[in-house]
Amino acid sequence: MPKKAAVAKAEEITAEKIFGPGGLLQTRHPSYEFRPSQLAMAEIVEQAFEKHQHAVIEAGTGTGKTLAYLIPAIRSGRRVVVSTATKSLQEQLFQKDVPFLKKNFAPNLKAALMKGRANFLCRQKVHQIDGQAMLKGIDEVDWFSQIRDWEKLTETGDRSELTFLPDDSDLWNRIDARRDLCTGQKCAEFQRCFITAMHQRAHEADLIIVNHHLFFADLALRQDDFGSILPEYSAVVFDEAHEIEDVASDYFGRQLSSYRFEELARDTESMLRLLQIDAAPLRRQLTRLREHARSLFERFPEREGRYPFGVTERNAFMEQNREAYDQLASEIRRIEAELSALTPKPEEVVTMARRAAEMRRELAFLLESEEKSYVYWYERRGRGIFLAATPIDVSEILREKLFEQFDSVVLTSATLAVGGRFDYLKQRLGVLPSAECILPHEFDYANQAMLYLPRALPDIRHPSFAERAAQEIAKVLEISEGRAFCLFTSYSQMKDIYERVSRSVAFPVLLQGTAPRSTLLGRFRSTPNAVLFATASFWQGVDVPGAQLSCVIIDKLPFAVPSDPIVAARVRALQDDGRNPFAEYQIPKAVLALKQGFGRLIRSKTDRGILSILDNRIQRMQYGKIFLESLPEYKTTQDLAEVARFMESHAD
Ligand code: SF4
């Protein structure tokens with residue numbers, strides 16, 4: 001059932017009277033400034049909620065888009081789900097914007113923050129571990145003791161409250177509330193469970209804040225009719241909506257990694273220990289499960305990376321390795337049978353048997369299915385092998401499961417349009433919006449940023465490119481006095497050019513991979529004149545306002561790697577359909593990635609700086625125009641002296 005309005009919507013209070021000059025926001029927000037695009041966006045979102053329509057809105061950085069969708073959401077009288085790209089964005093909404101709205105607009109607003117189960121503590125596991133010799137080392141004993149105390153006090157059980165626990169703590173993996181070991185309503189702690197409490201808060205809320213992963217995990221579960229995570233709702237706002245094709249592809253796909261077999265064996269062993277079940281045959285089977293899993297997965301090639309594993313590749317693989325696969329599948333079946341035969345059979349055992357059966361079915365699907373709507377692939381990452389089947393086209397799924405089920409879906413981001421149109425987004429997601437709009441920028445890009453396109457660099461495939469690009473980067477860094485992100489499309493190119501540039505400049509140069517992402521960003525922010533060399537993970541979601549980031553240099557137009565199995569399958573599907581994959585898929589995808597990368601530079605009205613792309617295809621090739629036309633109206637030059645003058649004129 002939809003919730004009643006959090007704030008009664010007085011007819012006479014229009015969006016204009018809230019967001020416009022002299023409006024409510026001006027009287028209540030300490031840093032209010034009138035932003036026409038914010039008002040326009042609020043009006044479109046309000047209309048989408050009122051008329052039960054879908055809307056697509058590109059709104060650049062600085063629009064104030066969070067309030068432009070949150071205020072219409074709370075005025076709609078409907079339960080609205082807001083989905084953001086990351087947990088930190090979720091927390092920002094919940095800890096900053098929701099309290100502001102409660103204080104100033106909707107004192108009765110009920111908002112709930114929902115995250116994946118692995119973010120929460122499982123009380124049952126804490127009680128089970130307590131007193132058992134399952135802790136490794138003095139640190140774990142200390143952390144566990146603090147967690148046990150915290151468990152009695154915390155209202156949420158959310159791991160983000162545990163600031164002392166390292167990110168990669170193995171202890172947390174053994175005490176989190178993941179579904180794998182949860183017995184649900186049969187658990188003695190179910191009523192006090194943090195997951196139960198999170199669901200209750202969501203059931204009572206007008207506004208539910210999730211991330212895309214949780215949202216699509218829920219949507220995929222609804223598909224299986226296996227029980228949903230989110231309560232009923234009818235309207236959704238996707239912020240950072242450019243990410244949803246990838247996230248939806250993961251959740252509507254199937255996957256299984258070699259690690260899952262080790263985890264199954266480990267979890268079953270610890271369950272037997274905790275329940276004090278002496279099942280010697282089962283323990284021996286778990287040892288054999290580990291051996292058979294190792295034996296199957298070590299037959300995959302040793303090279304790192306992601307590779308196609310379609311019918312042809314799988315048939316060849318199975319011809320040689322059928323026996324290893326059969327042995328593994330039979331062993332899982334035996335474990336299922338052994339678990340089912342245990343007496344007495346506590347609920348944990350039933351859950352574990354179900355998990356083993358799911359893994360066996362998943363393995364069979366990934367190695368034997370011939371369903372043509374998926375692209376099959378495997379990836380070797382370190383010691384792990386990941387098998388996956390990804391839908392080639394999620395547009396049909398999203399049309400049916402999302403856009404036809406929920407009558408108001410608002411998609412927004414700073415990067416949705418290509419060449420002034422939403423054709424790409426609409427085609428990839430299967431959405432037919434009633435309203436679509438590219439809002440004017442709030443920043444004066446023509447004066448705030450200069451786009452430098454070097455005149456004389458060779459083609460990116462030429463052997464001299466790396467050397468020449470490094471020289472060009474060094475010259476630009478001299479002008480910007482460091483304070484730059486150098487963003488690359490590949491690790492090898494990043495490392496090669498890093499070696500050359502770090503030798504020739506006097507600025508502190510940081511390299512992705514030498515420390516965790518957040519540590520590197522912290523160092524970049526606090527080190528005067530720092531330069532950061534990084535790849536894809538720094539292209540989006542990174543915010544460094546101010547002069548500390550005064551330059552963004554990108555090596556190549558960020559086309560997706562054509563040999564990647566998912567990209568290759570999507571290209572082939574468009575070709576088979578008689579369409580032009582380069583124009584309809586590869587170029588638009590790269591345009592949006594470039595907009596994201598360049599978007600790191602100007603984060604406020606006072607930011608200034610240089611953007612540069614070293615790939616001369618943007619100047620030479622016909623399609624380069626689409627990239628340039630899709631970017632904000634930066635001042636553009638091929639002359640380094642002009643870049644120097646621009647920076648000088650904006651010196652502090
Ligand atoms: S219901 Fe599940 S997650 Fe909650 S305490 Fe029990 S076992 Fe843990």
Side-chain angles (χ1 to χ4, degrees), residues 87 90 112-132 134-135 140 143-162 165 169-205 208 210-211 213-215 217-218 220-222 224-231 251 260 263-277 336 339-340 342 344-359:
K87 280 188 269 179
Q90 261 185 288
L113 179 69
M114 292 187 87
K115 299 183 191 169
R117 299 178 63 114
N119 293 283
F120 296 92
L121 185 73
C122 170
R123 288 193 196 266
Q124 178 73 355
K125 286 186 193 163
V126 169
H127 300 164
Q128 285 173 333
I129 286 188
D130 210 358
Q132 301 256 353
M134 291 182 70
L135 299 170
E140 281 205 357
W143 294 331
F144 185 73
S145 142
Q146 292 190 57
I147 289 171
R148 215 179 30 200
D149 294 343
W150 168 76
E151 184 254 335
K152 297 187 182 87
L153 300 172
T154 175
E155 280 181 24
T156 63
D158 186 336
R159 187 215 152 118
S160 66
E161 294 175 10
L162 299 176
L165 196 66
S169 155
D170 185 47
L171 172 63
W172 183 259
N173 293 335
R174 284 177 274 141
I175 54 175
D176 70 20
R178 243 170 304 168
R179 184 181 294 278
D180 281 351
L181 292 172
C182 174
T183 52
Q185 295 194 12
K186 299 196 174 127
C187 167
E189 293 289 339
F190 181 76
Q191 293 303 333
R192 296 178 63 237
C193 173
F194 295 119
I195 301 293
T196 310
M198 176 179 75
H199 287 152
Q200 270 162 2
R201 284 193 297 273
H203 271 277
E204 289 160 13
I208 302 174
V210 301
N211 57 58
H213 291 270
L214 188 73
F215 185 88
D218 174 69
L221 279 177
R222 280 167 196 254
D224 284 350
D225 216 17
F226 183 68
S228 48
I229 305 165
L230 301 180
Y251 286 91
R260 292 279 304 281
E263 285 163 13
L264 179 71
R266 187 196 62 200
D267 291 346
T268 309
E269 282 168 352
S270 61
M271 177 194 75
L272 294 174
R273 200 161 44 235
L274 288 168
L275 298 174
Q276 298 177 351
I277 299 174
E336 282 169 58
L339 284 166
S340 305
L342 286 179
K345 193 159 39 193
E347 197 52 34
E348 285 88 339
V349 173
V350 177
T351 307
M352 197 63 79
R354 195 182 307 130
R355 177 170 153 193
E358 269 170 30
M359 283 175 61

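Only this structure's heavy atoms are used, side chains among them; waters, hydrogens and symmetry mates stay out. Counting starts at 1 for both ligands and their atoms, following the listed order. Keep in mind the model is a prediction, meaning the values are calculated, not measured.
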Item checked: From L181 atom CG to E347 atom CD, the distance as rounded to the nearest 0.5 Å ->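 Here the rounded value is 12.5 Å.
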
Next item on the list: Starting at CD1 of I129, measure out to CD1 of I147 and round the result to the nearest 0.5 Å.
Entry: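 Separation between the atoms: 9.0 Å.
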
Checklist line | Heavy atom of R192, distance to ligand 1 below 4.0 Å | finding: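 No.
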
Margin query: Tell me whether E155 is salt-bridged to R201, with the criterion being a basic N under 4.0 Å from an acidic carboxylate O.
Written below: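 Salt bridge between E155 and R201, a charged N being under 4.0 Å from a carboxylate O: no.
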
Check: Hey, is D176 close enough to R159 for a salt bridge, meaning N to O under 4.0 Å?
Finding: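 Not counted as a salt bridge, because no side-chain N and carboxylate O are separated by less than 4.0 Å.
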
For residues 192-200, please give each side-chain donor-acceptor pair under 3.5 Å, one per line with the distance, not counting sequence neighbours.
from: R192; atom 1: NH1; to: E189; atom 2: OE1; distance (Å): 2.8
from: T196; atom 1: OG1; to: F190; atom 2: O; distance (Å): 2.7

Notebook entry, point to check: Taking side chain as C-beta onward, heavy atoms only, is D267 less than 4.5 Å from R355?
Noted result: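 With C-beta onward as the side chain, the pair touches.
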
Check: Where's the contact between R117 and ligand 1, heavy-atom distance under 4.0 Å: side chain, backbone, both or neither?
Finding: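 The part of R117 near ligand 1 is the side chain, not the backbone.
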
Next item on the list: Return the set of protein N, O or S atoms whose distance to atom 4 (Fe) of ligand 1 is under 2.8 Å, each given as residue and atom.
Entry: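 Result, waters dropped: C193 SG.
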
Check: Got a donor-acceptor contact below 3.5 angstrom from the R178 side chain to the N173 backbone?
Finding: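 Yes.
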
